[in-house]
Number of protein chains: 2
Amino acid sequence: MDLFRSYLHQQRLPLTRQREVIAMGLFESGEQLSVDDLADLLRGRGEHVGKATIYRTLSLLVQAELARELDFGEGFKRYELQAGEARHDHFICTSCGQVTRFVRSVVDEFQATIAAELGYTVQSRRLEIYGLCSECRAAVERASSAGAVTTGEAASSGQVRGEGG
Amino acid sequence: MDLFRSYLHQQRLPLTRQREVIAMGLFESGEQLSVDDLADLLRGRGEHVGKATIYRTLSLLVQAELARELDFGEGFKRYELQAGEARHDHFICTSCGQVTRFVRSVVDEFQATIAAELGYTVQSRRLEIYGLCSECRAAVERASSAGAVTTGEAASSGQVRGEGG
DNA sequence: TCGGGGCTGAGATCTGTTCTCAACCATGAT
DNA sequence: ATCATGGTTGAGAACAGATCTCAGCCCCGA
């Protein structure tokens with residue numbers, strides 16, 4: 001949050017109430033929010049902020065490298081704060097929509113190795129693994145062994161958890 | 001191509017001229033094509049195919065696991081054939097738009113390891129590394145040492161190459 | 001306190017993708 | 001070869017996410 005303040009100051013951009021509220025919302029949520037999620041969240045707090053402003057502020061946060069733009073193939077983008085956090089990747093359950101972050105240094109290592117081998121310079125990466133979380137796999141196995149067909153519901157709310165609980 | 005034919009037959013779906021032409025276009029190009037790219041390509045061959053049909057056929061090819069949907073954050077999707085090909089990942093030059101495919105078993109190994117650790121079942125993945133290709137990096141270095149500012153142009157045509165030339 | 005440049009927001013606009021539906025055609029049977 | 005039929009096709013409408021417009025507002029340095 002302070003980082004955002006100093007970024008704005010350094011860029012000679014004013015810190016408005018909207019910018020503050022948007023960054024706080026994303027910061028406190030800690031999840032991967034869509035623009036609509038964020039608008040709803042703020043509305044629930046009695047703060048009305050136009051979508052145009054949300055888009056503009058998110059793009060500022062991305063420029064400041066305080067946030068990251070994500071796309072899980074849902075047809076719209078999600079954003080998450082990454083202030084000072086270690087570079088992490090995502091595992092997305094295709095059944096319930098649960099997103100799990102993970103951090104593994106081996107990813108950075110093979111990324112560097114591959115770039116060196118190909119003669120490239122790395123700027124960023126996207127690693128997303130799609131599959132079934134343990135609960136959904138269990139549900140699928142139960143259903144198939146019972147001969148029934150039941151699928152978990154896609155969670156539009158985008159529940160998140162870091163690995164290890 | 002024959003795989004597509006047999007997939008259609010097996011699904012009791014007719015093989016139309018449009019489907020044949022679209023699959024052939026994607027097959028012969030070997031690149032990551034957008035729907036517009038494909039429409040242009042076919043128009044250049046004197047084949048007029050509606051976009052709705054292109055979208056429908058691509059989605060069939062994806063279902064048949066003969067093609068893969070890609071999103072390089074350009075605001076639209078790209079598609080590439082992956083008939084029988086090894087699972088590969090992409091390196092995208094953010095300056096000139098060049099896409100390089102690469103295959104590294106370490107990526108598959110890591111994917112299996114992390115899934116096991118987290119208790120997940122893998123279905124698919126997306127690994128994209130963004131950065132500068134060697135030519136663009138050289139251009140940037142040249143420009144900055146000369147004090148000038150020049151950037152490569154984003155290639156909308158999406159040139160591709162596999163690693164090793 | 002003031003002046004001005006940047007910000008805001010409702011709605012228009014743009015663009016990629018999907019939907020609609022009447023005409024068309026691939027397929028299997030005769 | 002001809003026929004019936006059910007899925008396909010394509011032009012354009014519809015939709016949704018993201019961006020743009022511009023008049024009015026607000027932050028901030030003086």
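Given the structure is predicted, the values throughout are model-derived calculations rather than measurements. In what follows, chains carry the letters A, B, and so on, assigned in the order in which the sequence lines appear, proteins first and then strands, with residues in each chain numbered from 1.
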Nearest-angstrom distance from the residue atom [atom1] of [X] to [atom2] of [N]:
{"X": "B:D36", "N": "C:dC14", "atom1": "CG", "atom2": "C1'", "value": "14 Å"}
{"X": "A:Y79", "N": "D:dG17", "atom1": "OH", "atom2": "C1'", "value": "10 Å"}
{"X": "B:L58", "N": "C:dT18", "atom1": "CG", "atom2": "P", "value": "10 Å"}
{"X": "A:Q11", "N": "C:dC7", "atom1": "CD", "atom2": "P", "value": "11 Å"}
{"X": "A:E74", "N": "C:dG16", "atom1": "CD", "atom2": "P", "value": "21 Å"}
{"X": "A:I22", "N": "C:dC7", "atom1": "CD1", "atom2": "C1'", "value": "11 Å"}
{"X": "A:F72", "N": "D:dG17", "atom1": "CZ", "atom2": "C1'", "value": "17 Å"}
{"X": "B:R19", "N": "C:dT27", "atom1": "CZ", "atom2": "C1'", "value": "13 Å"}

Sugar-phosphate, base or nothing in reach of A:Y55, heavy atoms under 4.0 Å: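 Answer is base: heavy atoms of A:Y55 come under 4.0 Å of a base.
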Non-hydrogen atoms of [X] and [Y] that approach each other most closely:
{"X": "B:Y79", "Y": "B:L26", "value": "O-CD1, 3.6 Å"}
{"X": "A:G25", "Y": "A:L41", "value": "O-CD2, 3.8 Å"}
{"X": "A:V103", "Y": "A:R87", "value": "CG1-O, 3.9 Å"}

salt_bridge([X], [Y]) N-O dist < 4.0 Å:
{"X": "A:R126", "Y": "A:E128", "result": "yes"}
{"X": "A:R78", "Y": "A:E31", "result": "no"}
{"X": "B:R104", "Y": "A:E117", "result": "yes"}

Linked, directly or transitively: A:F76 and A:L33 (ILVMFWY side chains, under 4.5 Å): no
If you restrict it to nitrogen or oxygen atoms, what contacts under 3.5 Å exist between nucleotides 24-29 of chain D and the protein, and what is each distance?
residue, atom, partner, partner atom, Å
D:dC28, OP1, A:L15, N, 3.2

First of B:R12 and A:K77 reached from the 5' end of DNA chain D, by closest nucleotide: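 It is B:R12 whose nearest nucleotide is closer to the 5' end.
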Quiz: residues 7-18 of chain B side-chain donor-acceptor pairs under 3.5 angstrom, not counting sequence neighbours:
residue, atom, partner, partner atom, Å
B:T16, OG1, B:R19, N, 3.2
B:R17, NE, B:E47, OE1, 3.4
B:R17, NH2, B:E47, OE2, 2.5

B:E109: partners by salt bridge (charged side-chain N to carboxylate O under 4.0 Å, His left out), with sequence neighbours left out: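 For B:E109 there are no salt bridge (charged side-chain N to carboxylate O under 4.0 Å, His left out) partners, ignoring immediate neighbours.
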Axis deviation across the helix from C:dT1-D:dA30 to C:dT30-D:dA1, five-pair ends, to the nearest 10°: 40°
Centroid-centroid distance, A:H90 to A:F102, less than 6.0 Å: no
pair A:R68-A:L61: side-chain heavy atoms closer than 4.5 Å: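 No, side chains not in contact.
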Point-to-point distance, once rounded to the nearest 0.5 Å, from SG of B:C133 to CG of A:L118: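 Result: 11.0 Å between the selected atoms.
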Report each atom pair, protein N/O against N/O of nucleotides 10-12 of chain D, whose distance is under 3.5 angstrom.
residue, atom, partner, partner atom, Å
D:dG10, OP1, B:Q18, NE2, 3.2
D:dG10, OP2, B:G50, N, 3.2
D:dG10, OP2, B:T53, OG1, 2.7
D:dG10, N7, B:R56, NH2, 2.6
D:dG10, O6, B:R56, NH1, 3.3
D:dA11, OP1, B:H48, NE2, 3.4
D:dA11, OP2, B:H48, NE2, 3.1

Enclosure of B:E65 CD (heavy-atom neighbours >12, cutoff 6.0 Å):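 Atom CD in B:E65 is not packed in, count stays at 12 or less.
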Close approaches to DNA chain D from residues 61-71 of chain B, in residue order (heavy atom, under 4.0 Å):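 Under 4.0 Å from DNA chain D: no residue of residues 61-71 of chain B.
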Side-chain donor or acceptor of A:S6 paired with backbone N/O of A:L3 under 3.5 Å: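 Here the side-chain-to-backbone pair exists.
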